[in-house]
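Everything numeric here is computed off the predicted structure, so don't read it as measured data. Just so it is clear, the values below take in all heavy atoms, side chains as well, and ignore hydrogens, waters and symmetry mates.
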Amino acid sequence: MRIIEVKENKKRYIDLLLLADEQESMIDRYLERGRMYIIDDGGIKGECVVTDEGEGILEIKNIATHPDHRTKGYARALIDFLVREYSGVYSVLQVGTGDSPATVPFYEKCGFIPSHKVKNFFTDNYDHPIYECGAQLIDMIYLTKKL
């Protein structure tokens with residue numbers, strides 16, 4: 001298993017990016033200013049994009065695993081990589097996600113703790129309703145992990 005930084009033509013992975021953030025115009029807001037990593041294990045299994053948010057905060061803007069390879073530890077491996085790669089460079093790794101039983105528990109298992117929420121983030125910023133696990137996402141829930 002290899003984790004590789006993608007420095008050019010990041011949009012070639014748009015299908016994976018859209019799994020975690022289903023509106024391309026939202027991805028365009030962070031993709032070029034972010035650092036993108038792919039996980040290759042006999043083929044591309046997943047990706048993540050992180051951005052420097054200032055004040056020692058590194059934010060996961062997008063993390064996705066190909067549907068055929070979920071629950072095999074690839075997203076966790078990407079998070080573990082980020083912790084190793086950026087400890088001592090940043091003080092906090094943060095992620096914003098919908099209030100979903102599919103994602104919040106995953107991040108908590110990875111050592112993240114709830115931090116704050118941005119009310120109406122999904123309804124104010126997306127041009128269509130976003131659903132996960134049958135529920136409409138309204139607020140952005142932020143979780144943090146000390147590095």
Can Arg76 and Asp80 be counted as an ion pair, charged N to O under 4.0 angstrom?
yes
Provide the closest heavy-atom pair for Ile44 versus Ile38 in the form atom of the first, atom of the second, distance.
CD1-CD1, 3.4 Å
How long is the gap from CZ on Phe121 to CE on Met140, to the nearest 0.5 Å?
3.5 Å
Parallel, tilted or perpendicular for Phe81 and Tyr37, by the 30°/60° rule?
perpendicular
State whether Glu85 and Arg35 are salt-bridged, where the test is any N-O pair (Lys NZ or Arg NE/NH1/NH2 against Asp/Glu carboxylate O) under 4.0 Å.
no
Under 3.5 Å: donor-acceptor pair, side chain of Asn120, backbone of Thr123:
no
So, Lys11 and Asp28, do they make that salt bridge, N to O below 4.0 Å?
yes
Do you know which two heavy atoms are closest between Lys10 and Leu17, and how far apart they sit?
O-CD1, 4.1 Å
Between Lys45 and Asp41 (side chain of the first, backbone of the second, donor and acceptor by atom type, cut-off under 3.5 Å), is there such a pair?
yes
How far does OG1 of Thr51 sit from CG of Leu58, to the nearest 0.5 angstrom?
7.0 Å
Identify the heavy atoms of Pro129 and Tyr131 that sit nearest to each other, and give their distance.
CB-CE1, 3.5 Å
With rounding to the nearest 0.5 Å, note down the distance linking CD in Glu47 to CD1 in Ile63.
7.5 Å
Rounded to the nearest 0.5 Å, the CG atom of Leu18 sits from the CE atom of Met26 at a distance of 12.5 Å
Minimum heavy-atom separation for Pro114 to Leu143, with atom names?
N-CD2, 4.0 Å
Any donor-acceptor pair under 3.5 Å from Asn62 side chain to Ala20 backbone
no
So which atom in Tyr107 and which in Ile79 form the shortest heavy-atom distance, rounded to 0.1 Å?
CE2-CD1, 4.0 Å
Please find the pair of heavy atoms, one from Ser115 and one from Thr144, that lie closest to each other, and give the distance.
CB-CG2, 3.7 Å
For the OH atom of Tyr13 and the NE2 atom of His66, what is their distance to the nearest 0.5 Å?
13.0 Å
Distance col, row Asp99:CG vs Asp139:CG, nearest 0.5 angstrom, shows 7.5 Å
Parallel, tilted or perpendicular: rings of Tyr90 and Tyr86 (30°, 60°):
perpendicular
Verify, without hydrogens or angle tests, whether Glu132 (side chain) and Ala102 (backbone) share a donor-acceptor contact under 3.5 angstrom.
no
